[in-house]
Enquirer: 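Okay, handing you the structure first.
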Amino acid sequence: MKEKLKSFRELGVICVLFALIILLTIARPVFISPTNFINVIRQTVQIGIMAVGMTFLIISGEMDLSVGSIFGTTGMLAATLYKSNANPTMAFLIALVAGCAIGLLNGILITKAKIPAFIATLGTMKIFRSVAYAISGGQSISVFPESVTKSWVFKMGGSVGPIPIQIFIMAAIFIVAGVVLAKTEAGYNMYATGGNPKAANLVGINTDRVKILGFIISGAVSALAAMISIAYLGSVPTTAGEGREMDVIAAVILGGASLSGGRGTMLGTFIGAMIISVVKNGMVLLSVPVFWQDGFIGVVLILAVLLDTFMHRKDSRG
């Protein structure tokens, strides 16, 4: 029964995605043009890559509200190092390690200090948003040395023919993460930890370690998304990553993951991220005022959580 519900959820979100594409194509035929559609997929990259880490966390029964601030802080850190003409590879690695370190801090606060994830990551969201402003002095960072812009780190913002390289990076991350979840002991431990943490402990799974690993992965992919964004945009605004956590959580829940833990797939998350990007792109094409766009995503998130609650009740009865 649970497998049937899982297949139904994934089929459902795929149908929603195609319905949105059809409706937007009818309303604005330019939506389906190759240029715009590649832009939609490119817009999915940041949300999608960050949602990979969030999927691990939500499956294990946790969540991370600080991913947007990790994006902003590590992006500002990398940009500052690039600006100072530091070795691009070293700057990339330092920013990646910083993302992992913030994730580790979140994991320790939640598993060892026993602070609820909502409170702990809300706190670190505020702390590291302040750190991002402190690093930049409250200013956007752009115009990097030629030695940096010609390095491999900026090639992540380039294209192979008409297809942006960042799309290939996102695809590779989703494939690897999907294999880890479906085929490895680490993936099994994630599902077991989120599904029934007491039972997981009884069979020898170190649930604290599983959750800490999830937070480290979340920090790492948020930092990677920030550096891909720098490579493409060539700058980091002071507001980088603000509000991104809501898009990421919405994508994961839309994709069929359960806030109660123990359920979710990378395929579902990818489709959820695509839905968020299609909706945002469509609202721009339909000239929906900017102040309504975030509100609409909020409505989508609430509906996704209501659907998750409904499905969880059906699982319990089944």
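Atom set for the values below is all heavy atoms of this structure, side chains included, hydrogens, waters and symmetry mates excluded.
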Enquirer: Count the heavy atoms of every other residue, nucleotide or ligand shown that sit under 6.0 Å from CH2 of W152, and state whether that count exceeds 12.
Expert: yes
Enquirer: Which atom names give the shortest non-hydrogen contact between I253 and A257, and what distance separates them?
Expert: CD1-O, 3.7 Å
Enquirer: Return yes if some donor-acceptor pair links the side-chain N/O of T73 with the main-chain N/O of F128 below 3.5 Å, else return no.
Expert: yes
Enquirer: F118 and I249: same hydrophobic cluster, using ILVMFWY side-chain contacts below 4.5 Å?
Expert: yes
Enquirer: Given R28 and L24, is the side-chain contact (heavy atoms from CB on, under 4.5 Å) satisfied, shown in steps?
Expert: CA-CA 6 Å; R28 289 288 186 274; L24 287 170; 6.0 Å; no
Enquirer: Determine, using the 4.5 Å side-chain heavy-atom cutoff (strictly less than), whether I271 and I175 are members of one ILVMFWY cluster.
Expert: no
Enquirer: Determine whether V180 and V210 fall in the same hydrophobic cluster, where Ile, Leu, Val, Met, Phe, Trp and Tyr are linked whenever their side-chain heavy atoms lie under 4.5 Å apart.
Expert: yes
Enquirer: Is there a side-chain contact between F31 and V40, using heavy atoms and a 4.5 Å cut-off?
Expert: yes
Enquirer: Which atom names give the shortest non-hydrogen contact between I205 and Y188, and what distance separates them?
Expert: CD1-CE2, 4.0 Å
Enquirer: Please answer whether the main-chain N or O of S69 pairs with a side-chain N or O of S66 as donor and acceptor at a distance below 3.5 Å.
Expert: no
Enquirer: For the side chain of K83 and the backbone of S142, is there at least one donor-acceptor N/O pair under 3.5 Å apart?
Expert: yes
Enquirer: State, with a plain yes or no, whether a side-chain heavy atom of M266 is found less than 4.5 Å away from one of F56.
Expert: yes
Enquirer: Would you check if F144 and L81 make a side-chain contact, meaning some heavy-atom pair closer than 4.5 Å?
Expert: no
Enquirer: CD1/I49 to CD1/I169 distance, rounded to the nearest 0.5 angstrom?
Expert: 6.5 Å
Enquirer: Mind jotting down which residue pairs meet the side-chain hydrogen bond (donor to acceptor under 3.5 Å, both in side chains) criterion with at least one end in residues 275-290? Sequence neighbours excluded, please.
Expert: N36-N281, T44-S277, D247-K280
Enquirer: Check whether I41 and I32 end up in the same hydrophobic cluster, where Ile, Leu, Val, Met, Phe, Trp and Tyr are linked by side-chain heavy atoms less than 4.5 Å apart.
Expert: yes
Enquirer: Quickly, which of D64, D208, I119, T121 forms a side chain to side chain contact (heavy atoms under 4.5 Å, CB included) with I110? Name it, please.
Expert: T121
Enquirer: Return the NZ to OG1 distance between K211 and T111, rounded to the nearest 0.5 Å.
Expert: 8.5 Å
Enquirer: Do the side chain of R129 and the main chain of G68 share a donor and acceptor less than 3.5 angstrom apart?
Expert: yes
Enquirer: Taking the side chain as everything from C-beta on, heavy atoms only, tell me whether V288 gets closer than 4.5 Å to F296.
Expert: no
Enquirer: Distance-only criterion, 3.5 Å: show the donor-acceptor pairs between side-chain atoms of residues 226-244 and protein atoms not counting sequence neighbours.
Expert:
from	atom 1	to	atom 2	distance (Å)
S229	OG	Q46	NE2	3.3
E242	OE2	Y133	OH	3.1
R244	NH2	Q46	OE1	3.1

Enquirer: Supply the atom-to-atom distance I70 CD1 to N106 CG, rounded to the nearest 0.5 angstrom.
Expert: 5.5 Å
Enquirer: Return the minimal non-hydrogen interatomic distance between S147 and P88, and the atom names on each side.
Expert: O-CG, 4.2 Å
Enquirer: Do M54 and I58 come close enough that some side-chain heavy atom pair is under 4.5 Å?
Expert: yes
Enquirer: Does the side chain of T35 pick up a donor-acceptor pair with the side chain of S33 at under 3.5 Å?
Expert: no
Enquirer: For side-chain contact (heavy atoms from CB on, under 4.5 Å), just list the numbers for T269 and V52, CA-CA rounded to whole Å, side-chain angles, deciding distance to a tenth of an Å, and then say yes or no.
Expert: CA-CA 7 Å; T269 292; V52 166; 5.6 Å; no
Enquirer: If you look at every heavy atom in S222 and F71, which pair is closest and at what distance?
Expert: O-CD1, 3.7 Å
Enquirer: Kindly indicate whether the side chain of T193, heavy atoms from C-beta on, has any atom under 4.5 Å from the side chain of M190.
Expert: no
Enquirer: Nearest 0.5 Å, what's the CD1-CE distance between I47 and M246?
Expert: 12.5 Å
Enquirer: For Y191 and G264, indicate whether the former's side chain and the latter's backbone hold a donor-acceptor pair under 3.5 Å.
Expert: yes
Enquirer: Supply the atom-to-atom distance K126 NZ to L122 CG, rounded to the nearest 0.5 angstrom.
Expert: 6.5 Å
Enquirer: Do S151 and T89 come within less than 4.5 Å of each other through their side chains, counting heavy atoms only?
Expert: no
Enquirer: Check the surroundings of atom CZ in F154: do more than 12 heavy atoms from other residues, nucleotides or ligands lie under 6.0 Å from it?
Expert: yes
Enquirer: Might you point out which heavy atoms bring P162 and I38 nearest each other, and give the distance in Å?
Expert: O-CD1, 3.4 Å
Enquirer: Taking all non-hydrogen atoms of both residues into account, name the closest pair between M76 and A132 and its distance.
Expert: CG-O, 3.7 Å
Enquirer: Under 3.5 Å, side chain of S218 to main-chain N/O of F215, donor-acceptor pair present?
Expert: no
Enquirer: Count I, L, V, M, F, W, Y as connected when their side-chain heavy atoms are under 4.5 Å apart, and connections chain through other members. Are I26 and L286 then in the same cluster?
Expert: no
Enquirer: Roughly how far, to the nearest 0.5 Å, is CG of L109 from CG of L105?
Expert: 4.5 Å
Enquirer: Is there side-chain contact between L202 and K198, with at least one heavy-atom pair below 4.5 Å?
Expert: no
Enquirer: Apply side-chain hydrogen bond (donor to acceptor under 3.5 Å, both in side chains) to N201 and T207, showing your working.
Expert: CA-CA 6 Å; N201 274 317; T207 54; 3.3 Å; yes
